[in-house]
Amino acid sequence: MTATLLQGNQACVRGAIDAGCRFFAGYPITPSSEIMEGMATMLPRVGGVFIQMEDEMASLAAVMGASLAGRKGMTATSGPGFSLMQEHIGYGAFAEIPCVIVDVMRGGPSTGLPTSPSQGDVMQARWGTHGDHPIIVLAPASVAEVYELTVRAFNLSERYRTPVILLYDEVIGHVRERAELPSLESLGVVERPQPNCPTEAYRPYGDGAQRVAPLADFGSGYRYHVTGLAHDERGYPTQDPRVIARLHERLHAKLQDGRAEIVSYEGEELDDAEVVIVAYGVSARAARRAVSEARRQGLRAGLFRPRTLWPFPDAEVNVLARSARALVVAEMNMGQIVYEVERCARGQAPVFGCLRADGQPLTPDEILARLVEVRAGEAEVSR
Amino acid sequence: MNTAARADYRRYLRLDMMPHILCPGCGHGIVLQAMLRAIWRLGLPQDQVAVVGGIGCSSRMVGYVDFCTLHTTHGRALPFATGLKLARPELTVLAIVGDGDGLAIGGNHLIHAARRNIDVTCLLLNNAIYGMTGGQVAPTTPTEMVSATTPGGALEPSFDSCKLLEAAGASFVARGLSSAPIDLEALIVQGIQHQGFSFLEVLSDCPTYYGRYNRLGEGPEMLQAQRRHVDWVAAPLADKAFVPGFADTAAVADVALQYGVLHRETRPELSEQVHRLIAASVGEGPT
Amino acid sequence: MEQGSILLVGVGGQGVVLASAIVADIALRCGFDVKQSEVHGMSQRGGVVTSHLRFGGQVHSPLIERGQVDVLVAFEWNEALRWLPQLRPGAPMIVNLQRQVPPGACRDRKSWRSGYPAVALDALARQVGDLRVCDALAIAGQAGSPKAANSALLGVLAPLLPFPESVWLDALRSHVPPATVTINERAFAAGRSLPFPEETRRHAGATRFSANGFHGRDESAPPRLEVIAVWCKGCDICVRACPTHVLALNAADKVAVVRPDACTGCRLCELLCPDFAIVVHDAEERAADLTAANHSGSEARG
Ligand code: SF4
Ligand code: SF4
Ligand code: SF4
């Protein structure tokens, strides 16, 4: 573990380089541009390719093109650019092309608040592209965690052959803080396995280890087809309902089966908590302060902080709903994860929101006030 | 370079995928065969060829050829191809795009690929219509021509994609015809050999929609008609009589399209530059 | 009949959608509520076309549930088999004997044989209570144009539905191109007057096809021309391009070599075939191919 003074976006660059990212394509957008600038400087030094593309659709396309040629690739953007990338996120999920997409959230919708934080993209990260698709979304809450989860994003992306979205807000992206970076050895670096079967036997969309077939690099001797059309094991387009059903089942099962590895969260003071705050990213930092303040005032509060937003830690939240008297979701939007929590609670405990979408981070006092209100039974459900 | 008279191009087909889905008489298949002959002629190692397509009838063809093939999203074949080429410059990268695919939804990517001069050979198959979606007007549909969305004739003028691409910086620009397959093969050979972005507009036919809406006949009639609209530019290709069955004495149309290699220049190619920069930077500065 | 659910199925180019539109129009003219919906993704490329048509006092869903089809009209043999499970047990089914091998059906690239199902009317008759088989293409041909096959099928359908003959004819007239009205009327009348079940029995007796009509490679091709018939789409380009008129389309719209001796080996047909269906070999090449085939037992064709 080494301690340094680092900005969130810089930590992302460092994590990417350490995880083996050797291709970056992007398009300038506030507040993520530092990542692109950092990659432009760092990549050539480690033999990596950097290119600034003509827009965000092209950026993610280039990353996936490079990924198929065997280079771990990443792009970074914010709200409007993230919207433009949605079609290609679906393409990556369906064609199973590893890649990492960083979305540094700013106020939306539309051009919104380019320089202010928000957590308004969490549902878009899950459902933004059309059609059913599995996706992994990680949400760091500190600079050190940006580093850690960037490495993890690459590892999960390679292991499960899927796009992974790293989702954090403008505050985390721009904050400069003392960061104790975990050692790379402790995190591990996953390298993409290559097939070793005879070329005719290669099935790029077969059912392999962890339900994922190895992805051969273009140019390595295996010739195959990649398409965004529904496809069979060989990657050839098909309209056979049974084959398509199997494909969808496998795509969803691969993340379901890998849940223990993929889903990560932290709990604080949960054992005896009567009110549990669910918060992620920068809001979790304010929530942590609110919890200790509440405890000082005799209110038994606890914090549940998902580090993986999708797949959502639903079983864990359900357990909390059974033991706590109420759940409070603190997030910087008009209510997104709060509904997910409500779904997981299954009526075991009332769920309240502590919401804010004015470009300002939630404060500990605000959250504390909400906790007090909830305990007093004055709060309206979900708001 | 293979020199035998007959190109053994069928080895490049994915036989288990054939026959392809294109309509009877669709000109695209002729272009595909010319492309395979060009690849055979150049003797390119099959494993080192990548073919990228967008969405549309023309792009759908990438699924039938036994290379590393990437069937992408509508309009975005070239950014995928750019990533591929930059990541692995030793690959020969070809892109097959349609006219709507390449010039409408993907127009921005096309001009930027040309500006970057990345070593990708792009075949833009121009049949003046959107075929896959049922015959709507394309940016290449000539004024007054009928389509599903211009039942009274198109109002807007069309692009001259070769002029557009030359202006955007493509270092090799050519126009070929599906009705002149030997010339087309030669043009594709030159395009692949050229270091830098090679753009070939290939006039192809959509009898199913463009032909039907505009009463231009079926495949044979449309192929024949191509010959009336072109003017030959490149001397080595000027053997006008090589399709004897289609020899046509009808007068050249008012505005003849130029045909052959229209523009060629030598300027730095992107993937080479990027990798030269990398070679100079590796190990430099803190990492 | 107070209400009805009709499923019309076929492949691109057969006029399924037009036929369905005509029936929908007739039902409307007769005062019924109508819902019609079609699926014809990429139909122009020989893909599947289906049209659901429901009429009645009030119709809510445009789609017919499995096993609830009151009349199934299949414009093509393979499609008849594909959609059979949609038919309500005991309900009538109209089958046109036309066979069109879809591009995806080519299974075996060694023999170029397709996976197209054999025509087995006896087996089908056992599954369908009221099977009405006809050769709409032949009827339409006699009426003046094969393109009127869909009108012939409408003629077969007409007695099964509660609409007056005059409405059928009015609707037919207003939907088909003006120049073809007479031909379509003739085809409709001929279809309408077919006697069932005699007509079905007639076909069952006469039709004993092998696997299918197209065995792929044309064995009659002379040494220098290799024809992969199952890939040929009958576009006529090679026929028109050949300077010495060596080629022609046969009755199944596949290319055939009709004047082998006139072939000069110029390769135009091969170069212009959009479907890779012709290869021109010269004599030595053919000899080499055959030797290779003898050694490997593999698929050299020539
Ligand atoms: S619709 Fe037109 S372009 Fe598409 S396959 Fe048919 S003829 Fe070709
Ligand atoms: S090779 Fe030439 S002469 Fe022989 S069939 Fe083909 S087009 Fe006709
Ligand atoms: S050109 Fe090809 S597809 Fe067309 S008729 Fe001739 S062999 Fe058949």
Below 4.5 Å, heavy atoms only, C-beta onward: do B/L70 and A/L68 meet side chain to side chain?
-> yes
Return the option, out of A/G228, A/P237, A/G65, with the maximum number of heavy-atom pairs under 4.5 Å with chain B.
-> A/G65
Side chain, backbone, both or neither: which part of B/E90 has a non-hydrogen atom closer than 4.5 Å to chain A?
-> neither
Among A/S59, A/G90, A/A61, A/A58, residue most engaged with chain B (heavy-atom pairs, under 4.5 Å) | A/A61
Calculate, to the nearest 0.5 Å, the distance between atoms CD and NE2 belonging to A/E87 and B/H74 respectively.
-> 9.0 Å
Below 4.5 Å from any heavy atom of chain B, which atoms of A/R22 appear? Answer side chain, backbone, both or neither.
-> neither
Measure the shortest side-chain to side-chain distance between A/R45 and B/I278 over non-hydrogen atoms and say whether it is less than 4.5 angstrom.
-> no
If every non-hydrogen atom of A/P44 is compared with every non-hydrogen atom of B/L277, which pair is closest and at what distance?
-> CG-CD2, 4.1 Å
NE2 (A/H231) and NE2 (B/H71) are apart, to the nearest 0.5 Å, by 12.5 Å
Report yes if some heavy atom in the side chain of A/Y236 is under 4.5 Å from a heavy atom in the side chain of B/D16; otherwise report no.
-> yes
Between CE on residue A/M53 and CG on residue B/L78, distance to nearest 0.5 Å = 9.0 Å
Using non-hydrogen atoms and a 4.5 Å limit, figure out which bit of B/H112 sits close to chain A: side chain, backbone, both or neither.
-> side chain
Rounded to the nearest 0.5 Å, how far apart are CZ of B/R76 and OH of A/Y91?
-> 13.0 Å
Where at least one partner belongs to residues 50-69 of chain A, residue pairs that pass salt bridge (Lys or Arg N to Asp or Glu O under 4.0 Å), sequence neighbours excluded | A/E54-B/R116
Any chance you could measure A/L60, atom CG, to B/T73, atom OG1, to the nearest 0.5 Å?
-> 9.0 Å
Stepwise side-chain contact (heavy atoms from CB on, under 4.5 Å) test for B/T82 and A/I51 = CA-CA 10 Å; B/T82 300; A/I51 184 167; 4.1 Å; yes
Proximity of residues 215-225 of chain A to chain B, residues having a non-hydrogen atom under 4.5 angstrom = A/D217, A/F218, A/G219, A/S220, A/G221, A/Y222, A/R223, A/Y224, A/H225
Checking heavy atoms, do the side chain of A/V49, its backbone, both or neither come under 4.5 Å from chain B?
-> both
